[in-house]
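Naming: A, B, ... by sequence-line order, numbering from 1 per chain.
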Amino acid sequence: MKYLEVMTREEKVAAIRAAGNDRELLNVLLNLQALSARSCLDGETIALLAEELSVSDGRIRECLSFYSMLNTEPAGRYVIEVCASAPCYLLHGEAVIKSLEAHLNIRLGETTADNLFTLRTTNCVGACDLGPVIKIGDTLYEKMTGEKACVLVDWLRKQAQEEGIE
Amino acid sequence: MSRNWLLEPAPVLQLAEYRAAGGYTALEKALAKTPGETIDEVTASGLTGRGGAAFSVGRKWLFVYTAEGEEKYVVCNADEGEAGTYKDRELLRNSPFKIIEGMTIAAYAVGAVHGILFCRGEYRWLQGLLRNALGQAREAGLLGKSILGRGGFDFDIELVGSAGAYICGEETALLNALEGRRGEPRNRPPFPANSGAYAKPTLINNVETFAIIPYIFQVGADAFSSTGTKDSTGHKLLTLSGNIKHPGVYEVELGAVTIRDLIYGESYGGGTADARPAKACHFGGQSAPLAFPEQFNTPVDHLNFKAAGLSIGTGAVVVLGEDVCLVDYCRKVMEFFVHESCGRCVPCRVGTKRVTEMLEQLLTFHVLPGFTDQLEAAARAAAFNPACGLGKSAFSCLLSAIGNRRGEFTAHEDLICPAGKCGGRNG
């Protein structure tokens, strides 16, 4: 997989066209964001997308700043979202956050120095029967404990090394 | 308790399997009626919206039916975001064809040509399955031109995904989101029935509402309305979570079980996970009031819930154990709304923030006597006039907690936590 950050202009246009049609802008934005090593759309991609859809940059940026799954600032390759809504909180989701903070050596909301992980909270992802829940990309990891979350992080780091992202 | 209508023992993801079990006979029955008779059937069933507002489905359909304009839309709201709610997830992943058939019947009734399945971004993992189901229906001629060979009945459904925003469960915010705009609520009027998606007349119903529609046509409105109570007919999905032994989704006949049955009944929650009595139960979602043990004998139907000052809402049942500090829990709920407020109107944007700050103050500092009254007054003031229903209901949990357990809040004024939670300052 080639990341948005290293694509040429032409490759970006091709990626934009493959990301979906103009009736589903939000899905297109999520699909493109998933191609970014920093989980964030750069200015050039936004401009090219605006051109493709014949809308202004502002129309796209106002969506990026509104929806919680879309980022406006560069983040890590893997954005670890720990559910902070009441049901997961009651099942001690806070403990998962504490373990991850210690394991990644960052605070909630920060990104690791190697730009691999960002740790943040999310609101309900609809898996309250299996909480506490972590969401990374489109994948849910259920019935989490601090220990399991750290194993997951190590596994993702290994994966990233094999893929050659550093 | 009659058999389940909504929950399947196993996922039905192949159209052939769905049809073999009687799928699409409901659409055939609907097509044998006129659109007006179809709406009458839904009205007679007494079905109310399952998304939270519990508005009469038949009346809603009638609004769109009578609205003037070509190219009407039928939109399925699959953007459940109320924490503790995952009933739509179960239906989407197990019974996509029930939802598609329900939407198709609705389209026939109101005269719609476009369908949109608006699915929350958090359920992107489900969208492949849904696109596949839509494809199967299209291939079999159950979506597209001349459905079931009925000339002139054209209807197709496209899947549109959101990107994470609780507010988009609100109808008009949802419409902005599905057009690829910021999901802020629109001013009303015009109402979606007259000017909704792309300014066309639009019917919006919840996943569970559409999923139950085929059943109404299979058994008939009379059989349907004979279950449940007079004002709350049929079954409802409830999702148990929090401090509970058997979390999961349960289908209940409205009026047939009490909150106590749900939490402690062996065929439901089976009691709390720590086997101690529950301190409270957050029924209906984050935007609903808390239910306390003295209210646990309330049967789950709209009339009884209303009389008890409660709300069935989305059907979320979050159980709070004895060790939960209500002030802390309310702060958590308010933080949810601070994050999810769309920011358009001041009472909601600023009110949620200020009330959260006051709760933090109460949890951290020694405050003057009377602080709880100020907190209550602030919450009431903020809940008075936000632009949409979600802002109004953001403070229900806090207000019900203060109303029913004022002592726990006033104790915190003196740095005492009766639950022994906040920083070791035990009561």
Asker: For A/Leu140, is it the side chain, the backbone, both, or neither that has a heavy atom closer than 4.5 Å to a heavy atom of chain B?
Answerer: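 When you check distances to chain B, only side chain atoms of A/Leu140 fall under 4.5 Å.
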
Asker: Against chain A, work out which of B/Cys168, B/Gly248, B/Gly321, B/Ala177 has the most heavy-atom pairs shorter than 4.5 Å and name it.
Answerer: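 Winner by heavy-atom pair count: B/Ala177.
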
Asker: If you count the non-hydrogen atoms of other residues, nucleotides and ligands that lie under 6.0 Å from CD in B/Glu322, is the total more than 12?
Answerer: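 Yes.
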
Asker: Determine which pairs satisfy ring pair (Phe, Tyr, Trp, His ring centres under 6.0 Å) with at least one residue from residues 111-131 of chain A, sequence neighbours left out, and list them in order.
Answerer: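 Counting only pairs at least two positions apart or across chains, the ring pair (Phe, Tyr, Trp, His ring centres under 6.0 Å) contacts touching residues 111-131 of chain A are A/Tyr78-A/Phe117.
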
Asker: Tell me, side chain or backbone of B/Val319 under 4.5 Å from chain A's heavy atoms, or both, or neither?
Answerer: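 Only the backbone of B/Val319 comes within 4.5 Å of chain A.
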
Asker: With only heavy atoms counted, which part of B/Ser162 is less than 4.5 Å from chain A, the side chain, the backbone, both or neither?
Answerer: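 Both backbone and side chain.
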
Asker: As an exercise: rank B/Arg181, B/His246, B/Glu80 by heavy-atom pairs under 4.5 Å with chain A and give me the winner.
Answerer: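 Heavy-atom pairs under 4.5 Å are most numerous for B/Arg181.
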
Asker: Restricting to non-hydrogen atoms, name the atom on B/Arg124 and the atom on A/Met69 that form the minimum distance, rounded to 0.1 Å.
Answerer: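 Heavy-atom minimum between the residues: CD-CE, 4.2 Å.
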
Asker: Rounded to the nearest 0.5 Å, how far apart are CG of A/Asn123 and CD of B/Glu82?
Answerer: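 Going from CG on A/Asn123 over to CD on B/Glu82, the span is 10.5 Å.
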
Asker: So for A/Asn31, is it side chain, backbone, both, or neither that comes closer than 4.5 Å to the heavy atoms of chain B?
Answerer: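 Contact with chain B involves both backbone and side-chain atoms of A/Asn31.
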
Asker: Should B/Val324 and A/Tyr89 count as side-chain neighbours, where that means a heavy-atom distance under 4.5 Å?
Answerer: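 B/Val324 vs A/Tyr89: side chains apart.
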
Asker: Any chance you could measure A/Leu26, atom CG, to B/Arg120, atom CZ, to the nearest 0.5 Å?
Answerer: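 So the gap between those two atoms works out to 14.0 Å.
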
Asker: Counting only non-hydrogen atoms closer than 4.5 Å, does B/Tyr166 touch chain A with its backbone (N, CA, C, O), its side chain (CB onward), both, or neither?
Answerer: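 When you check distances to chain A, no heavy atom of B/Tyr166 falls under 4.5 Å.
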
Asker: Could you tell me whether B/Lys353 atom NZ has more than 12 heavy atoms of other residues or ligands within 6.0 Å of it?
Answerer: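 Result for NZ/B/Lys353: open.
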
Asker: When you compare the side chain of B/Trp125 with that of A/Val125, does any pair of heavy atoms fall below 4.5 Å?
Answerer: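 Sidechains of B/Trp125 and A/Val125: no contact.
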
Asker: Between A/Gln33 and chain B, with a heavy-atom cut-off of 4.5 Å, which part of the residue counts as in contact: side chain, backbone, both or neither?
Answerer: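 Looking at A/Gln33, nothing touches chain B.
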
Asker: In the structure I gave you, are the side-chain heavy atoms of B/Tyr86 and A/Cys124 within less than 4.5 Å of one another anywhere?
Answerer: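 The answer is no; the side chains never approach within 4.5 Å.
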
Asker: Taking side chain to side chain contact (heavy atoms under 4.5 Å, CB included) as the definition, give me every residue that meets it alongside A/Leu32, ordered by chain and number, with sequence neighbours left out.
Answerer: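 Partners of A/Leu32 by the side chain to side chain contact (heavy atoms under 4.5 Å, CB included) criterion, ordered by chain and then number, come out as A/Ala15, A/Ile16, A/Ala19, A/Val28, A/Leu35, A/Leu41, A/Thr45, A/Leu49.
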
Asker: Between B/Glu122 and A/Lys135 (salt bridge meaning N to carboxylate O under 4.0 Å), is one present in this structure?
Answerer: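 No, no charged N to carboxylate O under 4.0 Å.
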
Asker: Determine the option with the most heavy-atom pairs under 4.5 angstrom with chain A, choosing from B/Gly161, B/Ala83, B/Ala163.
Answerer: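 Winner by heavy-atom pair count: B/Ala163.
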
Asker: To the nearest 0.5 Å, what is the distance between CD on B/Glu158 and CG on A/Asn21?
Answerer: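 Spacing of CD (B/Glu158) from CG (A/Asn21) equals 7.0 Å.
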
Asker: Quick one: pull up OG in A/Ser85 and NE2 in B/His339 and give me the separation to the nearest 0.5 Å.
Answerer: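 Here the rounded value is 9.5 Å.
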
Asker: Measure the CD-CG distance between B/Gln127 and A/Leu30 for me, rounded to the nearest 0.5 Å.
Answerer: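 Output value for this atom pair is 8.5 Å.
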
Asker: Which residues from residues 276-291 of chain B are near chain A, with near meaning under 4.5 Å between non-hydrogen atoms?
Answerer: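 Contacts with chain A: B/Gln286.
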
Asker: Using every non-hydrogen atom in the two residues, find where A/Tyr67 and B/Gly183 come nearest and quote the distance to one decimal.
Answerer: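 Minimum heavy-atom contact is OH-N, 3.1 Å.
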
Asker: Checking side chain to side chain contact (heavy atoms under 4.5 Å, CB included) against A/Leu90, which of B/Asn243, B/Ile244, B/Asp323, B/Val318 comes through?
Answerer: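 It is B/Val318; the other options fail the test.
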
Asker: With a 4.5 angstrom heavy-atom cut-off, is it the side chain or the backbone of B/Phe118 that approaches chain A, or both, or neither?
Answerer: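 Neither part.
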
Asker: Closest heavy-atom contact between A/Pro87 and B/Ser241?
Answerer: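 In this case the closest contact between A/Pro87 and B/Ser241 is CB-OG, 3.6 Å.
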
Asker: Got a list of side-chain donor-acceptor pairs under 3.5 Å for residues 98-109 of chain A, not counting sequence neighbours?
Answerer:
{"residue": "A/Ser99", "atom": "OG", "partner": "A/Ala95", "partner atom": "O", "Å": "3.1"}
{"residue": "A/Glu101", "atom": "OE2", "partner": "A/Leu108", "partner atom": "N", "Å": "2.9"}
{"residue": "A/His103", "atom": "NE2", "partner": "A/Asp154", "partner atom": "OD1", "Å": "2.9"}

Asker: Got a second to check how far B/Ile167's CD1 is from A/Ser68's OG, nearest 0.5 Å?
Answerer: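 Reported value, rounded in 0.5 Å steps: 12.5 Å.
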
Asker: If you look at every heavy atom in A/Arg59 and B/Glu179, which pair is closest and at what distance?
Answerer: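 For A/Arg59 versus B/Glu179, the nearest heavy atoms are NH2-O, 3.9 Å.
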
Asker: What are the two closest heavy atoms between A/Leu25 and B/Gly180, and how far apart are they?
Answerer: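 The pair with the smallest heavy-atom distance is CD2-O, 3.4 Å.
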
